[in-house]
Amino acid sequence: MSPKRAAIFDVDGTLVDTNHLHVVTWWEAFRQAGHQVPMRDVHRAVGLSGGDLLDHLLGDGDDRDPDEDEQLTAAHHALYATYFERLPALDSAGDLLRALAGRGWTIVLATSASGAELAALRRAIDADDVILGAASADDVSDGKPAPDPVRQARELAGVPSERAVFVGDTVWDMKAAVRDGVLPVAVLSGGIPRADLEAAGAHAVYRDAADLLAHLDSGVFADKE
């Protein structure tokens, strides 16, 4: 019997087409609070945890008001929650997870989402029958690009780093995978350029989940026997 292998997946922008919803709702939360943050900058920050995203976009100086941070985060959540019942899974996302599970891979999610948001994302993917579990923002002290979410997901699967692949769509995903020692694989469905993903450590880059599914017999998952 071959050793266990884990396929760890980011969710936003990788399995569910939500990155631009996050951009618009964060932009609106900033606008309501009097901050003019360009959408292109918000897009590049998607994938960070809420606190890290605020640090990245507003600076992490001592003059930041913690109460305003809480209000910004709450505003973003409230705006984004209006989409919970209609979040669109990316093409073939559920089929990809089932195909990998059928080949003996343990499927785990690693995401900055938690609670009702994570539940909505999992409903959109509609593949809970093959998902072992999820490492969410509630489970780690530091989000991506720290390795904690990937490590937590890998530990859920019970595998060492050399027996795991992490699929994500942002530079933060790639950096987290590199830091945990798992194989970083990127998809372009989150809107981040291929060159940026490769510079952050992506071992391979696919167009989206459907493209990855179409190349299971010849790509990185076929090589990890």
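Keep in mind that this is a model prediction, so the values were computed, not measured. The residues of the chain are indexed from 1 along the displayed sequence.
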A.B. asks: Enumerate the residue pairs fulfilling salt bridge (Lys or Arg N to Asp or Glu O under 4.0 Å) with a member in residues 96-120, sequence neighbours excluded, ordered by first and then second residue.
C.D. replies: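 Salt bridge (Lys or Arg N to Asp or Glu O under 4.0 Å) check on residues 96-120 returns R98-D129, R103-D217.
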
A.B. asks: Please list all pairs meeting ring pair (Phe, Tyr, Trp, His ring centres under 6.0 Å) that have one or both residues in residues 133-152, counting only residues at least two apart or in different chains.
C.D. replies: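 Listed by first then second residue: nothing to list.
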
A.B. asks: Name all pairs fulfilling the ring pair (Phe, Tyr, Trp, His ring centres under 6.0 Å) condition that reach into residues 179-201, sequence neighbours left out, sorted by first residue then second.
C.D. replies: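 Every pair satisfying ring pair (Phe, Tyr, Trp, His ring centres under 6.0 Å) with a residue in residues 179-201: there are none.
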
A.B. asks: D208: which residues meet the salt bridge (charged side-chain N to carboxylate O under 4.0 Å, His left out) condition with it, sequence neighbours left out?
C.D. replies: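 Scan of D208 (salt bridge (charged side-chain N to carboxylate O under 4.0 Å, His left out), adjacent residues dropped) gives none.
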
A.B. asks: Return each pair, listed once, that meets salt bridge (Lys or Arg N to Asp or Glu O under 4.0 Å) where at least one residue sits in residues 80-93; pairs must be two or more places apart or across chains.
C.D. replies: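 Pairs touching residues 80-93 that pass the test: E85-R123.
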
A.B. asks: With Y206, which residues qualify under ring-ring contact (aromatic ring centres under 6.0 Å, His included), at least two apart?
C.D. replies: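 With neighbours one apart ignored, the set is empty.
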
A.B. asks: Under the ring-ring contact (aromatic ring centres under 6.0 Å, His included) test, which residues partner H43, sequence neighbours left out?
C.D. replies: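 H43 satisfies ring-ring contact (aromatic ring centres under 6.0 Å, His included) with H20 once adjacent residues are dropped.
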
A.B. asks: With a 4.5 Å limit on heavy-atom distance, are the side chains of N19 and D169 in contact?
C.D. replies: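 Side-chain contact under 4.5 Å: yes.
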
A.B. asks: Suppose we screen for side chain to side chain contact (heavy atoms under 4.5 Å, CB included). Which residues come up paired with D55, at least two apart in sequence or across chains?
C.D. replies: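 In terms of side chain to side chain contact (heavy atoms under 4.5 Å, CB included), with neighbours along the sequence ignored, D55 is linked to D52, D60, R64.
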
A.B. asks: Looking only at the side chains, is there a donor atom on one of S161 and D180 sitting less than 3.5 Å from an acceptor on the other?
C.D. replies: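 No.
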
A.B. asks: Applying salt bridge (charged side-chain N to carboxylate O under 4.0 Å, His left out), name anything that partners D196, two or more places apart in sequence or on another chain.
C.D. replies: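 With sequence neighbours excluded, D196 shows a salt bridge (charged side-chain N to carboxylate O under 4.0 Å, His left out) to R44, given in chain and number order.
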
A.B. asks: Scan for ring pair (Phe, Tyr, Trp, His ring centres under 6.0 Å) pairs involving residues 155-194, sequence neighbours excluded, and state none if there are none.
C.D. replies: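 Sorted result for residues 155-194: H56-W172.
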
A.B. asks: Can you list every ring pair (Phe, Tyr, Trp, His ring centres under 6.0 Å) pair that touches residues 127-154, not counting sequence neighbours?
C.D. replies: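 Of all non-adjacent pairs touching residues 127-154, none passes ring pair (Phe, Tyr, Trp, His ring centres under 6.0 Å).
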
A.B. asks: Would you give me the side-chain donor-acceptor pairs under 3.5 Å for residues 33-41, sequence neighbours excluded?
C.D. replies:
{"residue": "H35", "atom": "NE2", "partner": "E68", "partner atom": "OE1", "Å": "3.4"}
{"residue": "H35", "atom": "NE2", "partner": "E68", "partner atom": "OE2", "Å": "2.9"}

A.B. asks: Ring-plane angle category for F84 and Y80, please: parallel below 30°, perpendicular beyond 60°, tilted otherwise.
C.D. replies: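 Plane angle over 60°, so perpendicular.
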
A.B. asks: Does any N or O in the side chain of T14 come within less than 3.5 Å of the main-chain N or O of V11, such that one atom is a donor and the other an acceptor?
C.D. replies: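 Not a single qualifying donor-acceptor pair exists.
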
A.B. asks: So, does T73 use its side chain to make a donor-acceptor pair with the main chain of E70 at under 3.5 Å?
C.D. replies: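 Checked: no pair found.
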
